[in-house]
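No experiment lies behind these values; they were computed from the predicted model shown.
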Amino acid sequence: LDILETDDSVIERLRANVRFMRERFAEMSLPVFPSETPIISIKVGDEGKALMLVKALQAYGVFSTPVVFPAVPFGNAMIRTSYM
């Protein structure tokens with residue numbers, strides 16, 4: 001917490017990372033939910049595809065979690081990616 005209170009560059013780097021990822025997802029035409037946080041949710045639809053995407057993203061070092069039925073209606077799966 002001391003670092004966050006005294007070094008603005010940490011937060012600015014996080015914001016830059018999130019901006020970068022949002023831009024890349026937009027270039028790929030992925031449907032992302034609007035947010036101001038370092039958690040980017042991507043609508044996938046199919047539960048199987050969501051699970052495969054999470055596995056692929058994690059292989060590249062992107063922390064992601066699936067959100068599937070029953071947390072969301074069946075066929076409305078999404079993944080949440082988090083940045084640090």
Side-chain angles (χ1 to χ4, degrees):
L1 290 174
D2 290 336
I3 293 170
L4 290 174
E5 290 176 347
T6 59
D7 186 357
D8 291 340
S9 70
V10 175
I11 297 297
E12 205 40 54
R13 177 74 179 153
L14 173 61
R15 289 181 180 142
N17 288 342
V18 172
R19 254 189 324 273
F20 176 84
M21 290 308 299
R22 284 191 168 279
E23 290 167 1
R24 299 301 78 77
F25 289 147
E27 288 172 3
M28 293 186 286
S29 300
L30 291 176
V32 298
F33 293 89
S35 173
E36 297 292 322
T37 71
I39 300 170
I40 301 175
S41 297
I42 305 165
K43 183 177 181 182
V44 178
D46 180 87
E47 278 75 11
K49 286 182 183 177
L51 295 172
M52 288 189 312
L53 277 171
V54 165
K55 187 174 181 179
L57 285 168
Q58 289 178 345
Y60 284 101
V62 177
F63 180 73
S64 56
T65 56
V67 182
V68 297
F69 180 82
V72 294
F74 188 76
N76 289 298
M78 69 173 101
I79 58 173
R80 288 196 176 129
T81 60
S82 301
Y83 303 89
M84 298 174 231

Which residues pass the side chain to side chain donor-acceptor pair (under 3.5 Å) test with S35, not counting sequence neighbours?
T37

Write down the atom of A50, the atom of V68, and the distance for their closest heavy-atom approach.
CB-CG1, 4.4 Å

To the nearest 0.5 Å, atom CZ of R13 lies from atom OH of Y83 at 13.5 Å

Measuring from N76:CG to D46:CG, what's the distance to the nearest 0.5 Å?
11.0 Å

The side chain to side chain contact (heavy atoms under 4.5 Å, CB included) partners of F74 (sequence neighbours excluded) come to E47, F69

Please determine whether residues V72 and V44 belong to a single hydrophobic cluster, defined as Ile, Leu, Val, Met, Phe, Trp and Tyr linked transitively by side-chain heavy-atom distances below 4.5 Å.
no

According to a 4.5 Å side-chain heavy-atom criterion applied to Ile, Leu, Val, Met, Phe, Trp and Tyr, with indirect links allowed, do I39 and M21 form part of one hydrophobic cluster?
no

Between L14 and P38, the two heavy atoms sitting closest are CD1-CB, 3.8 Å

For I3, all residues meeting side chain to side chain contact (heavy atoms under 4.5 Å, CB included), sequence neighbours excluded:
D7, V10

Kindly write out the residues that satisfy side chain to side chain donor-acceptor pair (under 3.5 Å) with T6, not counting sequence neighbours, or none if the list is empty.
none

Considering residues at least two apart in sequence or located in another chain, which fulfil the side chain to side chain contact (heavy atoms under 4.5 Å, CB included) criterion with M28?
F25, L30

Looking at residues at least two apart in the chain, or sitting in another chain, which of them share a salt bridge (Lys or Arg N to Asp or Glu O under 4.0 Å) with R80?
none

Give every residue pair that meets the salt bridge (Lys or Arg N to Asp or Glu O under 4.0 Å) criterion with at least one member in residues 61-75, sequence neighbours excluded.
none

Cluster question for you: counting only ILVMFWY and a side-chain heavy-atom cut-off of under 4.5 Å, with indirect links fine, are F63 and V67 together?
no

In Å, rounded to the nearest 0.5 Å, how long is the span from CD of E36 to CZ of R15?
9.5 Å

Qualifying residues under side chain to side chain contact (heavy atoms under 4.5 Å, CB included), relative to F33, sequence neighbours excluded:
S41, K43, M78

Which pairs of donor and acceptor atoms, one on a side chain in residues 53-62, lie under 3.5 Å apart (sequence neighbours left out)?
{"residue": "Q58", "atom": "NE2", "partner": "S64", "partner atom": "O", "Å": "2.7"}

Strictly by side-chain hydrogen bond (donor to acceptor under 3.5 Å, both in side chains), give each pair with a member in residues 16-31 just once, sequence neighbours left out.
R24-E27

